[in-house]
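Only one structure is covered here, and it is reproduced in the block below.
Computed from a predicted structure; not experimentally measured. Sequence lines set the chain letters: A, B, ... in the order given, protein chains first and strands last, and positions in each chain run from 1. Side chains included, hydrogens not; waters and symmetry mates left out as well; all remaining heavy atoms used.
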4 protein chains.
Amino acid sequence: MARTIGSHGPTTMEAIRKAGLRLIFEHGYEAMSLRQLAAEVGIQPGSLYNHINTKQELLSDLIQDHINDLLRELEEALRDKQTPVERLRAFVAFHVSYHMTRKREVFIANSELRSLEPRNYEAVVALRGAYERRLADILSDGMSDGVFDVVDLQVATFAIIALLTGLCSWYRPGGRLTKEAIIAAHEKLVLSGVMPQGASPGGGHPGQGTRE
Amino acid sequence: MARTIGSHGPTTMEAIRKAGLRLIFEHGYEAMSLRQLAAEVGIQPGSLYNHINTKQELLSDLIQDHINDLLRELEEALRDKQTPVERLRAFVAFHVSYHMTRKREVFIANSELRSLEPRNYEAVVALRGAYERRLADILSDGMSDGVFDVVDLQVATFAIIALLTGLCSWYRPGGRLTKEAIIAAHEKLVLSGVMPQGASPGGGHPGQGTRE
Amino acid sequence: MARTIGSHGPTTMEAIRKAGLRLIFEHGYEAMSLRQLAAEVGIQPGSLYNHINTKQELLSDLIQDHINDLLRELEEALRDKQTPVERLRAFVAFHVSYHMTRKREVFIANSELRSLEPRNYEAVVALRGAYERRLADILSDGMSDGVFDVVDLQVATFAIIALLTGLCSWYRPGGRLTKEAIIAAHEKLVLSGVMPQGASPGGGHPGQGTRE
Amino acid sequence: MARTIGSHGPTTMEAIRKAGLRLIFEHGYEAMSLRQLAAEVGIQPGSLYNHINTKQELLSDLIQDHINDLLRELEEALRDKQTPVERLRAFVAFHVSYHMTRKREVFIANSELRSLEPRNYEAVVALRGAYERRLADILSDGMSDGVFDVVDLQVATFAIIALLTGLCSWYRPGGRLTKEAIIAAHEKLVLSGVMPQGASPGGGHPGQGTRE
DNA sequence: GATGAATGAGCGTTCATTCAT
DNA sequence: AATGAATGAACGCTCATTCAT
């Protein structure tokens, strides 16, 4: 990767990834044509193939790189957090801020999964599963400690990720809220959502007794 | 008569919608070809045009019909509910069960919005806005009553809808959980998530004071 | 309109011919679709086939009927004319006024010939040949009498017909000129054009002697 | 290398224009399919689009280039001609010989005008108007000099052009007549047609008095 | 590394025509 | 006579991809 002198190769590749990211985000993978992409980059369509192997591989690389980053950075964000509450709070903060800074990758990784060929699809889904398991483990630990209470661990995991990920379909930089405010708003919903219902008002409706 | 395959009259239109729904759900609007659709229905590609005007209009009709149903049925579900808590619980139950029975429409209405032409797009976004406002009003009322507490009304609205809608990317009929269990799991997360943090365990971390 | 008992059959057929004439004139035979035609008439495309056999036959009928009329009416116009000059003048007057009143048929019969199937094409070309021969005979008679002088009989025949027929690509009813003025303008050009060059000014360049 | 059929580079574009010209001449613009054209050129239909933007633009280019050539070459043909008679004779000779050598372009430029989109249509009609004005000016000058006499300038202009242009619907290279003979035949008709009727026989019928 | 011209498949759509009702 | 739904072929055009230069 780190080739520096002589050629603009790396620059072109970077331009392709960047433009590809934007175009897929805006129009979807199927709807983005390599002609559009080439035009955006300022080269002829055929020249793309000096940098990519196939359109499919470009998508796959974009998604896979994103998911790897996501996982690696999550690791870092959780490294020194000990209690489930601390870890959940860190998870939320990390997830939200990552989604704010890389919302295109995040969006694509969710919406264009179905355009991946089986092999690539499975690889990505496996990585996504690892990410989800991180959250599931935090929730599970909190349940054991009695600090969290969810009706179903898996549902809660999916629901919390969906809740947090929803961000990238409405967030625009420079909007009404600061990053911190947005994080705080999500922290409240998630943390509060998994807490035991204890003395909180409005609880105790009978339907809750029927859970499987 | 020879050919009764391919069916006639109103049936064909229904078959087109049904097959279209499934194919768009599975492959996306851009990736579904009218040849596929016609084959699924059992007619020639050109014959589709006895029933639809354009591919775009088929998508638009599917989405618009769904959103109208969604709004109408929500109205019904909320009709006799009085308190914000009751209403929020009803909203969650309705949303989840609607999404379980019509997850394809729901999924498409979210993921294929960008494939709508501007005119259609705006119409659908307006209807979606009306739906979101229903939830926002419930939350707002609950805040006034002191039974709910969210950091930011808009963020909470989007987040809750995202949380609930996430369901349709993992739910499969006949899975591990009953409908009631799934509803209960979501109710707990949402209701608990918007409650004032009062005496609940694990709360009271200092960061909460800094929100905008 | 004048539909009397039982069926509107004749009316519909007439409407089809009329609309067909207009549409072919405006867009050309190839560019006119039977869907357009049906819409114009106010019926469904399939219903056209209760009145016509094929699109091709509609064209052929329109052209053939026109050419037959043209020939028949020419006969009449020439009936009592004796001298070549009288007959040529009558030919011009007839041709021009026919083209003014039925310019669509005339235009189509010239421009859509190539869209006729071989069988129909040959039939029409034969009739057109008969029409041209009428003019050729007049010119030929005039040459024998010494009142006309053309360099080549066939070229003159084609050229005069082209000259006269050109009318229907610019004539619009209600224009600057009266019908009589238009006829007079063409008569002058044609009559004068075939006259021996005698004492006329500007003539007599030597090249004229060398023609085959 | 396998395929040198289908040719390369600038040659392909030339082959497309040439084949397009012939096919449009023979079947009409609407009736010519790009599949036919591609087959004629020896490439795949889609490959046409490496050379043209649209079918419409191909037509438009063919016509526009022809009309520009026509105007430019007319300019040259008239350059050193002084008197109206000389100029008219030159006009006829030029028009006829141009139409003999490029009859396909000429034919198309007349018959396929209606297939041009409004923008292109107007451009071409404007150029054609300039060409017509050349002839009108010659006639007008001749009238002032007293060497020409026409009943109506505009009618005469259109009629003469129609007369001359008619050539390209019957002319075939290698026919009965030499180029010179054909030119001479047209010169006689046109020159004689616009001459004052002076002593020529057959003149003086009463209808001539009614001109507007 | 880039270009331009090519491929072959496929796109959404329209067409003339047929025919049971 | 008219309809509505169907057929099968074809339309203009775009696509991802290849490759000699």
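For C/Ser111, the side-chain hydrogen bond (donor to acceptor under 3.5 Å, both in side chains) test picks out no residue, with sequence neighbours left out. Listed by chain and residue number, C/Arg102 satisfy the salt bridge (charged side-chain N to carboxylate O under 4.0 Å, His left out) test with C/Glu105 (two or more places apart in sequence, or in another chain). In this structure B/Ser33 satisfies the side-chain contact (heavy atoms from CB on, under 4.5 Å) test together with B/Arg35, B/Gln36, sequence neighbours excluded. Remark: C/Ser47 pairs with C/Ile43, C/Gln44, C/Asn50 by the side-chain contact (heavy atoms from CB on, under 4.5 Å) rule, at least two apart or across chains. A/Asn53 pairs by the side-chain hydrogen bond (donor to acceptor under 3.5 Å, both in side chains) definition with A/Glu57, not counting sequence neighbours.
A/Leu37 places its CG atom 18 Å from the P atom of F/dT14, with the value rounded to the nearest Å. Taking atom CG of residue C/Leu58 and atom P of nucleotide E/dT17, one finds them 10 Å apart after rounding to whole Å. The interatomic distance linking C/Glu57 (CD) with E/dA16 (P) rounds to 16 Å, in whole Å. Look at CG on A/Leu59: it is 17 Å from C1' on F/dT17, rounded to the nearest Å. Taking atom CE of residue D/Met13 and atom P of nucleotide E/dA6, one finds them 12 Å apart after rounding to whole Å.
A salt bridge (Lys or Arg N to Asp or Glu O under 4.0 Å) check over residues 23-33 of chain C, counting only residues at least two apart or in different chains, returns the pairs C/Arg22-C/Glu26.
If you check F/dT3, F/dA6, E/dA6 against the side chain of B/Asn50, the one that comes closest is F/dA6.
In this structure, B/Thr12 does not reach the F/dA5 phosphate: none of its side-chain N or O atoms is under 4.0 Å from OP1 or OP2. Side-chain nitrogen and oxygen atoms of D/His51 include none within less than 4.0 Å of the OP1 or OP2 phosphate oxygen of E/dG4.
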How would nucleotides 8-14 of chain E be written as a contact map, 5' to 3', with B for base contact, S for sugar-phosphate-only contact and - for no contact, using protein heavy atoms under 4.0 Å?
S-BBBBB

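Inter-residue side-chain proximity for C/Cys168 and C/Val106 is flagged as met; some heavy-atom pair is nearer than 4.5 Å.
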So what does the secondary structure string of DNA chain F come out as, 5' to 3', with Watson-Crick or wobble pairs under 3.5 angstrom, [ ] for crossing and | for pairs with another strand?
.||||||||||||||||||||

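Minimum interatomic distance between D/Ile108 and D/Leu21 (heavy atoms only, all atoms of both residues): CD1-O, 3.4 Å.
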Please table the atom pairs, donor to acceptor, closer than 3.5 Å between any side-chain atom in residues 116-125 of chain B and protein atoms at least two apart or in another chain.
residue, atom, partner, partner atom, Å
B/Asn120, ND2, B/Gln56, OE1, 3.3

